[in-house]
Number of protein chains: 2
Amino acid sequence: MAPVGRPRSDASHAAILKATYELLREEGLARLTLDKVASRAGASRSTLYRWWPSRGAIAMEATLDMLNQELSLEPKSDNALAEFRRLLKSVARAMRGSTGPIMAGILAECQRDPETLRVFKENLVAPRRAEVVPLLERGIQDGSIRPGVAPHTILDLTFGAIYHQLLLHVPTDDAWMDGVIDILVNGIAAKPAA
Amino acid sequence: MAPVGRPRSDASHAAILKATYELLREEGLARLTLDKVASRAGASRSTLYRWWPSRGAIAMEATLDMLNQELSLEPKSDNALAEFRRLLKSVARAMRGSTGPIMAGILAECQRDPETLRVFKENLVAPRRAEVVPLLERGIQDGSIRPGVAPHTILDLTFGAIYHQLLLHVPTDDAWMDGVIDILVNGIAAKPAA
DNA sequence: GCATTACGACACGGTATGTCTCGTATTCAA
DNA sequence: TTGAATACGAGACATACCGTGTCGTAATGC
């Protein structure tokens, strides 16, 4: 049971993630090469390949580390719908910074590497949804959200809208996000009786 | 003014686009190389580079040719909102076939090549929106869509949702699309009086 | 000490890129 | 009919990155 041999170097691990993260901010995932990561981290490419299967995997780990710091769901409890609003705005705000292009790059990488997509869904999409879906279900029960809508579909729409702007490189602002939320909450159909 | 010298070969042009299109269906954009395109088309790589600046540009032209055949807005005229519904379903249906992965690949390519993104927005996104936005504005005027919503934001949401499923490789069906449209039309907020 | 594992440095073959040269083909104008 | 201009297919070339492998050395437990 006792691990034998020289242990993995935490310093090297940290240096690699740091170098990856810096390079992602500077040049984006598209121009990220393992050569650059290794040389900036003072590591060798062998070490990278020993611990990660692909470029996408390294970028993913570096990004998840960063995202999980940046985005934390603080569960204030008033109306569930109001809380959902706050959540969306915080996501949109995060994507407005240098995190946005990195996320777009990761989504792109997911298209060329199924394994990266799997990790992305498993370690980012699924956990986030697992937090938000109960919130929406609570909203249905407390009467702020109408019954009959599938929480997952709500999330497809909202994150879809944010991804859409990200991928098309359309900058977002609070007004845009307010418009999105308004449509999402109230719909676009004219009310029968105003 | 008269063009001098040997004219561009239409046969070669067509063969290249056909080869590109076939390879896109077979292997996707991620595995598309200009070598393969050239050899399948019986052309030389020189010819490809003479007429297109990048892999993305070739893939884009081939895809636009195909998309513009596949998707045609047939303007039946009843309620504008009903027409919008039909449009969305036809887009979702198109993305369900082999076109979906190709679109996802193009969106990915756009993240690594700004010029490809520019062409994509200019030749696909913008013209489509130019068709649909007036439809939505008509819906506002004929009373089926409530005033105050920005047509562009509606499209950000709807296409965002479709792209979202595409990029995360989540297959869609009619039920999902119905759910999306329901939320979009009616919103998620509980009606004050049911 | 000794087995075991991690490390950095480096080399190798493979693949795709973008640019270039070459000989040949096709068009128009003189 | 000749020549200038341009396109074509074939292929060479340097470059870049990839993924793997080898080496000598360093660090840990027994």
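Atoms considered below: every heavy atom in the structure, side chains included; atoms not considered: hydrogens, waters and symmetry mates.
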Between the base of C/dG18 and the side chain of B/Arg45, is there any donor-acceptor pair under 3.5 Å? yes
I need the A/Leu88 CG to A/Ser90 OG distance, nearest 0.5 Å. 8.0 Å
Atom-to-atom span, CG of B/Asp35 to P of D/dC13 - whole angstrom: 17 Å
Please check if the side chain of A/Lys121 supplies one atom and the backbone of B/Leu168 the other of a donor-acceptor pair under 3.5 Å. yes
Would you kindly compare A/Ser44 and B/Pro53 by the position of their nearest DNA chain C nucleotide and give the one closer to the 5′ end? A/Ser44
Let's see if you can work this out: which of D/dA5, D/dC17, C/dT17 has an atom nearest to the side-chain heavy atoms of B/Arg55? C/dT17
Under 4.0 Å between a Lys/Arg side-chain N and an Asp/Glu carboxylate O for B/Arg96 and B/Asp174? yes
What about A/Arg6, does its side chain sit under 3.5 Å from the base of D/dA27 through a donor-acceptor pair? no
For B/Arg50 and D/dC8, is the shortest distance between a side-chain N/O and OP1 or OP2 below 4.0 Å? yes
For atom CZ of B/Arg40 and atom C1' of D/dG9, their distance in whole Å: 19 Å
Please check the phosphate of C/dA6 (OP1 and OP2 only) for any side-chain N or O of A/Trp51 closer than 4.0 Å. no
Can we call the ring centroids of B/Trp176 and A/His152 under 6.0 Å apart? no
Enter the distance from A/Trp51:CH2 to A/Ser9:OG here, rounded to the nearest 0.5 Å. 10.0 Å
How many Å lie between CG on A/Leu34 and C1' on D/dG19, as a whole number? 10 Å
Counting side-chain heavy atoms from CB outward, which of C/dA9, D/dG11, C/dA6 is closest to A/Ser46? C/dA9
Looking only at C/dG8, D/dC8, C/dT4, the nucleotide nearest the B/Arg8 side chain is D/dC8
At under 4.0 Å between heavy atoms, what does A/Ala43 touch on the DNA or RNA strands: base, sugar-phosphate, or nothing? sugar-phosphate
Taking only the side-chain heavy atoms of B/Pro7 (C-beta and beyond), determine which of C/dT19, D/dC18, C/dT27 contains the nearest atom. C/dT27
Take the protein atom CH2 of B/Trp52 and the nucleotide atom C1' of C/dT19, then report the distance between them rounded to whole Å. 18 Å
Nearest-nucleotide pick for B/Tyr49, side chain only, options being C/dT5, C/dC7, C/dG18: C/dG18
Using only side-chain N and O atoms of B/Thr47, determine if any of them is under 4.0 Å from OP1 or OP2 of D/dG9. yes
If you assign each of B/Lys36 and A/Ile16 to its closest nucleotide in DNA chain C, which residue comes earlier from the 5' end? A/Ile16
Calculate the interatomic distance between B/Asp10 atom CG and C/dT26 atom C1'; express it in whole Å. 13 Å
